[in-house]
Number of protein chains: 4
Amino acid sequence: MSERLSEVSDSGMTERAIRTQGDILEVATAEFAANGYAGARVDEIAARTRTTKRMIYYYFGSKEGLYLAVLERVYAQIRRVERGIHIDEMSPDEALRTLAEATYDHHTTHEEFIQLVSIENIHRAEHLRQSQTILRENVTAITLLEQVIERGVREGIFRDDVDALDVHMVISAYACFHVANRHTFAAIFDRDMLDPALQESHRRLIGDMIVATMTDRRSAGGER
Amino acid sequence: MSERLSEVSDSGMTERAIRTQGDILEVATAEFAANGYAGARVDEIAARTRTTKRMIYYYFGSKEGLYLAVLERVYAQIRRVERGIHIDEMSPDEALRTLAEATYDHHTTHEEFIQLVSIENIHRAEHLRQSQTILRENVTAITLLEQVIERGVREGIFRDDVDALDVHMVISAYACFHVANRHTFAAIFDRDMLDPALQESHRRLIGDMIVATMTDRRSAGGER
Amino acid sequence: MSERLSEVSDSGMTERAIRTQGDILEVATAEFAANGYAGARVDEIAARTRTTKRMIYYYFGSKEGLYLAVLERVYAQIRRVERGIHIDEMSPDEALRTLAEATYDHHTTHEEFIQLVSIENIHRAEHLRQSQTILRENVTAITLLEQVIERGVREGIFRDDVDALDVHMVISAYACFHVANRHTFAAIFDRDMLDPALQESHRRLIGDMIVATMTDRRSAGGER
Amino acid sequence: MSERLSEVSDSGMTERAIRTQGDILEVATAEFAANGYAGARVDEIAARTRTTKRMIYYYFGSKEGLYLAVLERVYAQIRRVERGIHIDEMSPDEALRTLAEATYDHHTTHEEFIQLVSIENIHRAEHLRQSQTILRENVTAITLLEQVIERGVREGIFRDDVDALDVHMVISAYACFHVANRHTFAAIFDRDMLDPALQESHRRLIGDMIVATMTDRRSAGGER
DNA sequence: CATGAATGAGGGTTCATTCAT
DNA sequence: GATGAATGAACCCTCATTCAT
C-alpha cells in the first residue's frame, strides 16, 4: 500500500490504471476531508468517480487502504513544497520568517491536508503510524529549521532554549489553526480567518511572532 | 435541545433523572471525542451507561441531540474557567501572559473539549451554529483580552495593529495544537507535546511569544 | 451463544422471542444443511422466516454464530434420543443390536443432522470445537456402549479387542453413510439407500454385523 | 467438459498446455476439497498456480467446469486402483477381505477424494450426474464383488440375503467414515481415526466384520 | 420510567467473470 | 497464449431508531 504512489511512475501500470487510481484518490481525498473517516462513504466516492466501487477495492483493498493512500498523497505533497524552499543566503531571522510564511502559505491553501490531519488525530494517528513512507520522509521537515536556528544561536541573535521542534510546532499551530478551527472560530466570533483581506497581516504576524520571540532579549537566557 | 442543560437546575426533574442525564452525557462526551460524530455508536454509549438506549432517545431525542448537548456541556465548562480569571491589578504584559497561560492550562487538561472542537470543525460547525447558548455566551471570551490590549496600546507598550481576536487566535492556536495534533506530531517527531517534562517550558513559551510580539519595537507599525 | 438454547426455558425471554429464534433456527438448519456453510445465504434464511435479516444478527451475532446455534440444536436433539434408550434388562447382544438400530433410526430420519456433520467435517470441525456444550455433552454418547461391551466381554460372549469407540464408529459409519453418501451412491449405482423398501433389511444388517463381529469365534483373540 | 481429460492424451495440445492444466487441477482439487464448492475461491486457486486466472477460464470455462474436471480426476484415480486388484485364486472370504482392505487403504490415503465426495453429496450429486464418464465407468466397481459373493453363496459359505451393493456400501461406509468424519469424531472423542497406531487393527476390523457377517450362521436365512 | 424485541436503509466487502491489449 | 484492468451482482453486517409491554 505504502508503495503504491511511487509505483505510479514505474512501468508496471498502464496509463489508464494510473488515471483511474488518481481519479479515485482525488475524489476520496475530498470525501474523507469533508466527512471524516467513518463519515465518508465508499459508495459516494465511487459515484463521483469515472469508475465503480469495485475498482476502489481492486486498487486499495479496503476503505482503510484507500484512506491510507489519501494520507500518503497529501503528505507527499507537503514534502514537495518543503523541498522547494531555499534559504541558504538569508540571515537567520529572514530565513525563519521565510520558513514560517511557507508553512502558512501551504496550510492555508491546502484545506484538505489540514482536515485530514485533524481526522487522523481523532483516530490517534493509528493510520499514519502504519505508513513507514510518511513517517520516514516527514521527519526531515525540520532539518532546514535546525540549521537556521543553530546559525542564529551561534551568531548570538537567537535565544538558545527553544529548539527547532518547538519553533516548528509554533508555526504549524498558527497555520493549522487558521484552517482547522476556521468554522468554530467563524461561528463564534464571526471572523473568517481565511478571509483574503486578512491574509497579508496574518501572514506577517506569524513571522513577527517567531522572530520577535527568538530574538527577544528578556525572554532568552536570564533567570531561567 | 439547547435549553435542556439549564433545565437541570429547575425542579421539573427528579434527582434521579438529573443523574441519569449526567451519566449519559459523560459517557457520550468520551465516545464522541474518541470516535467523531459518525464514528460514535449510540449502542456503545448506552452500553457504558447505567441506563438503556431508550433513555438516550427519551432525554436527547436523537444522536444529533445528544451530540449537541455534549457540545454545550464542554463549552459551558470553559466559560466557567474564563469567569474565574482576575487580572485587574496586573500590568498589561503580565495580564496577557496570565490569560495565555490560563488558556494553555485549560486546553492541555481538557483533551475532550479540543477533540470535540476538531470534530465540530470537520462538520463545518454546523451543530455549533444551532446552539444559540454557545454562540451567545462564548463571544465574551475575548472581552478581557480586549481590555488588556486597549490598556497596553494606550500605555504605549503594545503595538496597535494586532487586535484582541488575533491575540486570542494565536493563543488558542498554540494551546489547541498541543492537544489536537498531539498524535500526528508524536508519530512523526516522536515527541509527546503533553509530556509533563515539557509543560513548564511550553507554558512559558506562549507567554513569551505573545508578550514579545506585542511589545516588539521593530514589528509594530513603522516601516511596513 | 452456547447458552442460548438452554436459556429458552429460562424466563429471560419473552414467548415471542423464543418463537422468533426457533423460527430462525429451523430455517437456518435447513439452509445450512442444504447448501453448506459458505453456500448458505443469510438473506435467503431471513426471507424464509417470519422476521427480518436484522433479527438474525440481533440474536445470533453473525452467520457463524447462527451456524453454531444450528449445530448445537441438532446435537442437542441426538442427545435426547440417546437418553431415551433403555437396555438394562437385555442380553449384551440384544442391547448391542438395540443401540445400533437406534443410531440407524436416528440418522436415517435426521438427514439434516448428518449433512451438518458432513459440512462440519469439511471445515475440520472448527466450529464444533468452539462449542463446549456439544463437546462436553456428547462424549457420554458411548457410555451405554461401554457398559454393554464390558458385560459381553465379562460374560465371555464378546471379543475383547474391539472397544466401545470402535463399535460406535462402525455403527455411526454405517448409519451416516446411508444419508451422507446417499446422492453419489444413487447417482452411480441407481439405488437409493433410504428407499423404504430397503429399510427393514438395512436396519437389521447393521445389528447383524455388529453382533456377528463381536461374537465371532474366529476373529476374537486367538491367532492374531 | 467431461471429455477434457481424455483429450490430454491426444495431440491437440502442447506439452505445456498439459502441464498447465495438470497444475491447475492439482491446486483446484486441494482447494475444493478443503473449502467446499462455494467456499473455494477461483482467485485463490489461480494464485497458487503457476498460471493466471484467465487460464482457468480458458481451459475449464467456469468454476463449475473446473470443479467437474476435479471430480473426474479423483474418480479416475480410484478406478485405476480397482483395476489393479486380483482375487482370482482366493477363497471367497479371503477375496472379500482383500477387497475390503483395498477400499480401506485407498480411502484412508486419499483424503481429498473422500472430501470431494462429501461435498458432492451436499450438492445432491448434481455435478456428478453431469459426468457420463464417471457414472459409466464407476458402476463396474462392484463387478468383482458380485463375482466373489456369487461364488461364496454358491459354495454355501455366504448368506444369500446380502447383495454385492450392500457389501460395497458397508465397506465404503466404514472406510469413508474414517476420513469424512475424522474431525468431528476427533473433536468429540479425542481419537484420530487415521492415527497410524490404529491403522492395522482398523484395517483388520472391516475384514472381520464383512467376513463374520457373510458367514454367520445365525443371521443368514432362518427365521427371517 | 424502563426493557427487550424489532426494523429499514444502507455500508463495506467479495465473487465469479469478462474485456482490451 | 497470457496479462492487468474492469465489472455487476450479491453478500455479510451495522446503525440509528421505534414499538410493545
Side-chain angles (χ1 to χ4, degrees), chain A residues 11-21 38-46 50-66, chain B residues 13-14 16-17 20 37-46 50-67, chain C residues 11-21 38-46 50-66, chain D residues 13-14 16-17 20 37-46 50-67:
Chain A
S11 40
M13 277 182 180
T14 68
E15 271 291 318
R16 181 144 189 199
I18 297 172
R19 276 231 332 278
T20 302
Q21 283 184 46
R41 300 287 167 242
V42 176
D43 271 301
E44 184 64 24
I45 294 171
R50 233 186 311 101
T51 63
T52 71
K53 183 164 55 157
R54 186 64 193 78
M55 289 315 290
I56 293 176
Y57 286 89
Y58 181 69
Y59 282 123
F60 302 99
S62 66
K63 185 183 187 179
E64 193 177 2
L66 176 59
Chain B
M13 277 185 180
T14 68
R16 177 153 186 188
T20 303
Y37 179 72
R41 301 287 168 243
V42 176
D43 272 301
E44 185 64 22
I45 293 171
R50 256 185 277 98
T51 65
T52 75
K53 190 164 47 161
R54 187 67 192 80
M55 283 297 95
I56 293 175
Y57 284 90
Y58 182 74
Y59 285 127
F60 302 97
S62 67
K63 184 184 186 180
E64 195 177 0
L66 176 59
Y67 175 75
Chain C
S11 42
M13 275 182 182
T14 69
E15 271 290 319
R16 181 143 188 196
I18 297 173
R19 277 229 333 277
T20 304
Q21 283 183 46
R41 301 288 168 240
V42 176
D43 271 300
E44 185 63 23
I45 294 171
R50 230 186 314 99
T51 63
T52 71
K53 183 168 51 163
R54 185 63 190 79
M55 290 315 292
I56 293 176
Y57 287 91
Y58 180 70
Y59 283 123
F60 303 97
S62 65
K63 184 183 186 177
E64 193 177 0
L66 176 59
Chain D
M13 278 183 180
T14 68
R16 179 154 186 183
T20 302
Y37 179 70
R41 301 289 166 243
V42 176
D43 272 300
E44 186 63 23
I45 294 171
R50 256 186 278 99
T51 63
T52 76
K53 189 163 47 160
R54 186 69 190 80
M55 283 297 93
I56 292 176
Y57 284 90
Y58 182 75
Y59 285 127
F60 302 97
S62 66
K63 185 183 184 178
E64 194 177 0
L66 176 58
Y67 175 75

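The chains referred to below are lettered A, B, ... by the order of the sequence lines, with proteins before strands, and numbering in each begins at 1.
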Rounded to whole Å, how long is the line connecting atom CZ of B:F60 with atom P of F:dT17?
14 Å
Side chains of D:I45 and D:L66: does their closest heavy-atom pair fall under 4.5 Å?
yes
Re F:dA20: Watson-Crick or G-U wobble partner, both distances kept under 3.5 Å, found to be E:dT3
In this structure, OH of D:Y37 is separated from CD of D:E64 (nearest 0.5 Å) by 4.5 Å
In whole angstrom, give the distance that lies between atom CZ of A:R50 and atom C1' of F:dA5.
13 Å
Can you tell me if the side-chain N/O atoms of B:T51 get under 4.0 Å from OP1 or OP2 in E:dA2?
no
Where each residue is assigned the nucleotide of DNA chain F containing its nearest heavy atom, which of B:G39 and C:Y57 is assigned the position nearer the 5′ end?
C:Y57
Considering only E:dT18, F:dC12, E:dA5, which nucleotide approaches the side chain of C:M55 most closely?
E:dA5
Closest to the side chain of A:R41, out of E:dG11, E:dG4, F:dC12, is E:dG11
If you look at every strand shown and take non-hydrogen atoms under 4.0 Å, does C:A46 touch a base, only sugar-phosphate, or nothing?
nothing
A:Y58 (side chain) and F:dA5 (base): donor-acceptor pair under 3.5 Å:
yes
If you measure from OH on A:Y59 to OG1 on A:T51, what distance do you get to the nearest 0.5 Å?
8.5 Å
From CD1 of C:I45 over to P of F:dC12, roughly how many Å is that when rounded to an integer?
8 Å
Considering only side-chain heavy atoms of C:A17, which listed nucleotide, E:dT7, F:dA16, E:dA5, is closest?
E:dA5
Residues D:A46 and D:T52: closest non-hydrogen pair is CB-C, 4.1 Å
Separation of E:dA6 C1' from C:I18 CD1 (nearest whole Å):
16 Å
d(B:M55 CE, B:T20 OG1) to nearest 0.5 Å is 8.0 Å
Measure CD/D:E44 against C1'/E:dA16 and give the value in whole Å, please.
15 Å
Whole angstrom value for the distance that separates C1' of E:dA6 from CG of B:D43
13 Å
Along DNA chain E (nearest heavy atom to each residue), the more 5'-positioned of C:R16 and D:Y37:
C:R16
Closest to the side chain of C:Y59, out of E:dA5, F:dA10, F:dC13, is E:dA5
For B:A38, answer base if it contacts any base atom (sugar-phosphate contacts may also be present), sugar-phosphate if it contacts only those atoms, and nothing otherwise; contact means non-hydrogen atoms under 4.0 Å.
nothing
Taking the minimum atom-to-atom distance to the side chain of B:R54, which one of F:dA16, F:dC19, F:dA6 wins?
F:dC19
Quick one: label A:T20 by what it contacts on the DNA or RNA (base, sugar-phosphate, nothing), any heavy atom closer than 4.0 Å.
sugar-phosphate
With a 3.5 Å cut-off and just heavy-atom distances, do the side chain of B:K63 and the base of F:dT17 make a donor-acceptor pair?
no
To the nearest Å, how far apart are B:I56 CD1 and E:dA2 C1'?
13 Å
Please classify the nucleic acid contact of B:T52 as base, sugar-phosphate, or nothing, using heavy-atom distances under 4.0 Å.
base
Is any N or O donor-acceptor pair between the side chain of D:K53 and the base of F:dT3 shorter than 3.5 Å?
no
Any side-chain heavy atom of D:K53 sitting closer than 4.5 Å to one from D:Y57?
yes
Nearest to the side chain of A:V42 - F:dT17, E:dG12, E:dA6?
E:dG12
Under 4.0 angstrom, heavy atoms only, what part of the nucleic acid is C:S62 near: base, sugar-phosphate, or nothing?
sugar-phosphate
To the nearest angstrom, the CG-C1' distance between A:L66 and E:dT13 comes to 13 Å
